Amino acid sequence: MSEKATITLEGKSYEFPVITGTENEKAIDISKLRGQSGYVTFDEGYKNTGSTVSNITYLDGEQGILRYRGYSIEELAEKASFTEVSYLLLYGELPTADQLRDFEHSLTQHTLVHENLVKVFEVFPTGSHPMGQLMTMMSALSSFYPDSLNPNKSPEATNLTVIRLLAKMPTICAMIQKKGKGHPVLYPQNKFDYVSNFLYMTFGNVTEDYTPDPVIVDAMNKLLILHADHEQNCSTSTVRIVGSSHANLYASVGAGVAALWGPRHGGANQEVLEMLEHIRDIDKGDVKKVVAEAKDKKRLLFGFGHRVYKNFDPRAKILKDACDKVLAKLGVNDPLLQVAKELEEAALTDPYFVERKLYPNVDFYSGIIYKALGFPTPMFTVLFALGRMPGWISQWKELREKNEDIGRPRQIYNGATLRSFPDIKSRK
Ligand code: SDX
């Protein structure tokens with residue numbers, strides 16, 4: 001017999017079906033609750049609310065498990081390339097060799113951006129934040145490629161937009177870094193693979209040849225894979241809710257970039273590095289003092305805690321290991337790594353952090369690697385967005401293919417009840 005949940009309200013009982021996912025996750029389907037009883041559920045921050053049934057990413061926060069389409073993050077980070085993982089997320093299966101070649105080829109056909117889009121960079125004031133620029137560029141794309149914009153046109157038109165967006169993302173991100181330095185931009189070179197092309201456009205120079213360092217290419221592939229999707233996080237939920245209004249893909253993803261920028265979400269990777277520098281320079285490396293201040297709620301430890309992971313974040317584990325290896329291979333001896341390890345140790349042995357299950361998250365070690373690879377700190381969240389792009393697009397695509405309802409939560413109104421409009425002279 002299928003499981004049911006019974007809710008009793010004002011002496012009347014209502015039955016609701018229980019839905020079970022392939023990993024035995026269970027949810028009470030309350031979609032008929034309001035219609036039948038007049039009640040809604042209340043769940044600020046959606047801590048107990050499933051917003052969709054998805055086939056893309058599985059996450060078990062208690063066990064520290066993360067899988068894309070059934071494949072473990074550990075195996076994907078070890079064996080796959082970022083384009084392979086993008087294909088997997090977008091189309092549901094790992095590509096065959098032919099499919100991967102065709103996919104990568106179609107990406108190389110769309111790496112250029114319209115020249116007028118490059119001019120948009122000219123209007124940003126010096127020092128403007130890369131994430132603000134990225135948001136602008138995402139919405140600007142909708143003006144430049146209107147032919148395939150309508151998400152209801154055809155699956156072919158939608159796929160063209162998907163390919164365009166994925167292909168142009170490295171070009172745009174690299175341009176943001178180049179323009180920030182006041183350097184001329186580099187145009188994509190189709191002889192390079194996706195990640196090498198990004199590194200070329202970011203770190204190459206018009207004055208000389210550039211050969212991507214395989215150590216850096218490998219590290220970058222891993223970083224992008226680890227960030228590629230994370231089910232219904234804040235930015236992805238934003239992309240889905242915007243997409244549910246049938247807004248175009250660029251607009252939906254632009255909203256995701258905005259959500260990611262916040263320091264409680266993707267913006268934490270920039271905050272972590274600045275925090276570690278502050279601990280090194282201002283707190284003189286006194287991590288015990290820093291932990292004590294975090295416990296007194298005087299400061300937040302960026303890179304710690306997670307809404308879903310109540311064990312370790314498996315991505316942080318991989319990144320910690322990768323950090324040691326990349327720094328060793330590049331011959332970088334960054335004292336910030338030592339500060340990070342001491343902070344982690346101090347926090348993880350403190351009852352406050354233990355009781356609240358506050359472990360390092362994906363943003364804790366990524367910044368140290370980005371820094372070693374040569375990225376400026378304000379670019380870190382842009383790199384998160386570059387990695388998250390296939391995830392956002394896959395989630396948007398899934399929503400549209402299922403033609404999900406428009407997202408429209410309810411509320412409990414707690415403001416003033418009806419009152420009459422007073423004349424301005426009588427107001428106090
Ligand atoms: C990402 O959701 C995703 O999947 C996101 C992400 C992805 O891939 O998309 O994984 C990427 O966003 C990672 C998280 C990056 N953010 C940070 O590193 C910022 C620091 N962390 C936090 O602000 C916080 O932990 C959140 C926002 C990540 C999670 O918030 P929750 O689940 O709402 O938990 P909470 O803020 O209510 O905290 C519970 C308790 C509170 O203490 P008490 O009220 O019980 O006394 O833990 C404390 C908090 O004050 N707490 C912290 C803390 N994080 C939580 N105390 C000190 N330092 C911290 N970092």
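Counting starts at 1 for both ligands and their atoms, following the listed order. This is a predicted model, so every value here is computed, not measured.
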Is the ring pair His230/Tyr309 parallel, tilted or perpendicular, if the boundaries are 30 and 60 degrees?
tilted
On the 0 to 90° scale, with breaks at 30° and 60°, tag the Phe144-His114 ring pair as parallel, tilted or perpendicular.
tilted
Protein residues near ligand 1, heavy-atom distance below 4.0 Å?
His230, Asn233, Pro263, Arg264, His265, Ala268, Lys297, Leu300, Leu301, Phe302, Gly303, Phe304, Gly305, His306, Arg307, Arg315, Tyr352, Arg356, Leu358, Asn361, Asp363, Phe384, Arg388
Any donor-acceptor pair under 3.5 Å linking the side chain of Lys168 with the backbone of His110?
yes
Can you confirm if the NZ or CZ of Arg356 lies within 45° of the ring axis of Tyr352 and under 6.0 Å from the centre of its six-membered ring?
yes
Under the side chain to side chain contact (heavy atoms under 4.5 Å, CB included) test, residues paired with Ser235 that sit two or more places apart:
Asn233, Ala259, Leu260, His265, Arg388, Trp392
Side chains of Asp43 and Asn48 only: does a donor on one sit below 3.5 Å from an acceptor on the other?
yes
